[in-house]
2 protein chains.
Amino acid sequence: MLLRHHDAANLAAECARCGVRSASVCAVVPDEDIEQLATYTQHLEFEAGQTFINQDEPAEDFFVVTEGHARLCTLMPDGRRQVTGFASPGQFLGLAADGNYAFNAEALTPLKLCRVTRHGLKLLMSQFPQLEQRLLTEASRELSVAQGRMLLLGRKTARERLASFLTEHAGMAACRDVIVLPMTRTDIADYLGLTIETVSRTLNALRRDGLIEIDHVTRIRLLDRPALEDIAAGGA
Amino acid sequence: MLLRHHDAANLAAECARCGVRSASVCAVVPDEDIEQLATYTQHLEFEAGQTFINQDEPAEDFFVVTEGHARLCTLMPDGRRQVTGFASPGQFLGLAADGNYAFNAEALTPLKLCRVTRHGLKLLMSQFPQLEQRLLTEASRELSVAQGRMLLLGRKTARERLASFLTEHAGMAACRDVIVLPMTRTDIADYLGLTIETVSRTLNALRRDGLIEIDHVTRIRLLDRPALEDIAAGGA
DNA sequence: TGCTCGCCTTGACCTAAATCAAACGGGTTG
DNA sequence: CAACCCGTTTGATTTAGGTCAAGGCGAGCA
């Protein structure tokens with residue numbers, strides 16, 4: 001479910017369309033509704049490195065990523081960091097908010113996103129009940145993912161964590177066995193609950209074992225996907 | 001938001017009421033609807049130790065806990081276990097499902113719950129749109145919680161994990177500074193990503209430091225809540 | 001072409017928590 | 001009441017991964 005780059009009003013309609021999975025539905029949104037929605041909807045762009053959601057600030061907006069990648073993380077007072085996820089095009093952000101945002105969001109690459117105010121989202125949902133359904137589905141899916149990440153962070157070894165990370169990314173990559181990582185080693189480490197040194201060492205161990213090739217720091221080729229998936233699952 | 005023990009039909013109405021937060025709404029549910037819902041709704045009881053949701057089985061039902069406590073966990077093929085959460089009265093289960101259940105659920109104490117089939121849930125949601133809204137809110141809240149647990153599992157020390165666990169449970173306990181744990185040390189360990197030995201040692205360290213008292217294995221008194229909260233947050 | 005600045009890798013060493021191994025209740029059973 | 005079981009505690013030892021400390025390497029720049 002990818003959303004493409006449009007002007008604000010069309011994005012609102014696009015948002016709505018997510019729920020019904022049919023392009024034709026755009027036509028049934030009355031013009032005056034689109035106008036009204038446009039006042040609650042906005043298209044934004046950020047450069048790599050810019051932070052657009054700040055932890056502990058009031059959660060006033062809801063976002064849909066349309067282009068680029070972002071990093072979501074939570075911080076501890078002494079600077080320890082946990083990356084809770086990476087957002088790619090089509091992903092919703094701000095759902096997890098409960099009064100205040102529970103995380104920071106920062107652009108990893110040039111980023112485009114569609115912003116909807118809380119009020120605008122309510123309006124959208126009342127006009128397109130299927131959007132609400134879609135958000136519920138999305139939230140459920142994210143909860144499943146979160147459970148998988150708890151297992152990873154609580155119980156998996158460094159090797160299993162890296163194998164999980166690689167197969168997860170290969171799963172959504174276009175060319176299925178070559179992945180290009182838009183994030184640094186530090187981001188990977190904070191995502192997997194490891195240090196950069198361990199990430200580096202473990203990737204090299206996987207390379208020595210003939211499971212991956214490291215073309216470039218950011219470009220990794222999976223040589224034996226089934227074996228990696230087996231490691232990821234903690235294959236007995 | 002606690003749900004009490006009722007017959008099946010009333011529980012369906014009760015489910016609906018969650019969304020509107022008003023007792024009077026029961027009255028507006030037409031009798032024929034109640035009858036129809038009753039065919040999709042069921043009240044169940046389990047003894048401590050019984051498993052009522054099995055990982056990887058098709059997610060056909062949706063549950064609301066009405067009495068008792070349950071444990072949710074995911075397993076790895078070699079037996080490693082991650083407890084992803086504990087369910088107490090009022091909690092929804094089965095939202096995270098995406099085709100198949102992503103976790104096991106087992107009763108920790110004698111447990112009562114209300115079961116609704118997927119179809120029944122759809123029917124309920126179409127009749128009470130506010131229920132869907134309520135579920136979305138609930139899912140968002142759980143996502144926030146999940147992010148906090150990722151930080152805990154990925155970055156906190158054993159001491160911080162136990163302090164987080166204790167303050168989290170004190171937060172919802174009736175008598176605010178004495179908590180009674182319905183789970184074993186093994187469950188706590190698997191919840192916090194530690195071993196039972198580390199849980200035991202760390203609890204005793206907190207006791208030696210005058211932060212808690214351990215009346216009984218399952219009964220813990222918090223002597224200095226602010227200090228524990230500070231430790232839990234990783235207080236600089 | 002060489003400089004510099006961020007990443008990333010590699011090596012040596014350390015430590016928090018895991019593992020292994022007894023022993024200790026405290027409740028139930030014969 | 002003794003024997004047993006199961007969950008827990010406590011102690012000794014090990015280890016996976018963290019920390020500290022050099023280097024290396026590639027991209028942008030003069």
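Note on naming: letters A, B, ... go to the chains in the order of the sequence lines (proteins, then strands), and numbering restarts at 1 for each one.
- Among residues two or more places apart in sequence or in another chain, the side chain to side chain contact (heavy atoms under 4.5 Å, CB included) test is passed with B/Glu138 by B/Phe92, B/Arg134, B/Arg141, B/Glu142.
- Counting only residues at least two apart or on different chains, the side-chain hydrogen bond (donor to acceptor under 3.5 Å, both in side chains) pairs with a member in residues 218-229 of chain B are B/Asp177-B/Arg225, B/Glu213-B/Arg221, B/Asp215-B/Arg219, B/Asp215-B/Arg221.
- A/Arg161 meets the salt bridge (Lys or Arg N to Asp or Glu O under 4.0 Å) test with no other residue; sequence neighbours excluded.
- For B/Ser164, the side chain to side chain contact (heavy atoms under 4.5 Å, CB included) partners are B/Leu152, B/Lys156, B/Ala232, not counting sequence neighbours.
- Looking at residues two or more places apart in sequence or on another chain, you find a side chain to side chain contact (heavy atoms under 4.5 Å, CB included) between A/Ala205 and A/Arg159, A/Arg208.
- Legend: residues meeting ring pair (Phe, Tyr, Trp, His ring centres under 6.0 Å) with A/Phe52, ordered by chain and number and at least two apart, are A/Phe46, A/Phe63.
- What separates CG of A/Leu181 from C1' of C/dC7 is a distance of 14 Å, to the nearest Å.
- Between the two ends of the helix from C/dT1-D/dA30 to C/dG30-D/dC1, each summarised by a five-pair axis, the helix axis turns through 30° (rounded to 10 degrees).
- The interatomic distance linking A/Ile188 (CD1) with C/dC7 (C1') rounds to 12 Å, in whole Å.
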Generate the contact string for nucleotides 9-21 of chain C. Rules: B means base contact, S means sugar-phosphate contact only, - means no protein heavy atom under 4.0 Å. SBBB----SSBB-
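- For B/Thr202, there are no side-chain hydrogen bond (donor to acceptor under 3.5 Å, both in side chains) partners two or more places apart in sequence or in a different chain.
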Every protein N/O lying under 3.5 Å from an N/O of nucleotides 22-26 of chain D:
none

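- Atom C1' of nucleotide D/dG7 and atom CE of B/Met183 are separated by 15 Å, given to the nearest angstrom.
- A/Arg201 is linked by a side chain to side chain contact (heavy atoms under 4.5 Å, CB included) to A/Glu197, counting only residues two or more places apart in sequence or in another chain.
- When side chains are defined from C-beta on, A/Val178 does not count as touching A/Leu222, because their heavy atoms never get closer than 4.5 Å.
- As a whole-Å value, the separation of A/Asp190 CG from C/dC7 P is 13 Å.
- Screening residues 185-223 of chain A for ring pair (Phe, Tyr, Trp, His ring centres under 6.0 Å) gives A/Phe86-A/Tyr191, A/Phe165-A/Tyr191 as the qualifying pairs, with residues at least two apart or on separate chains.
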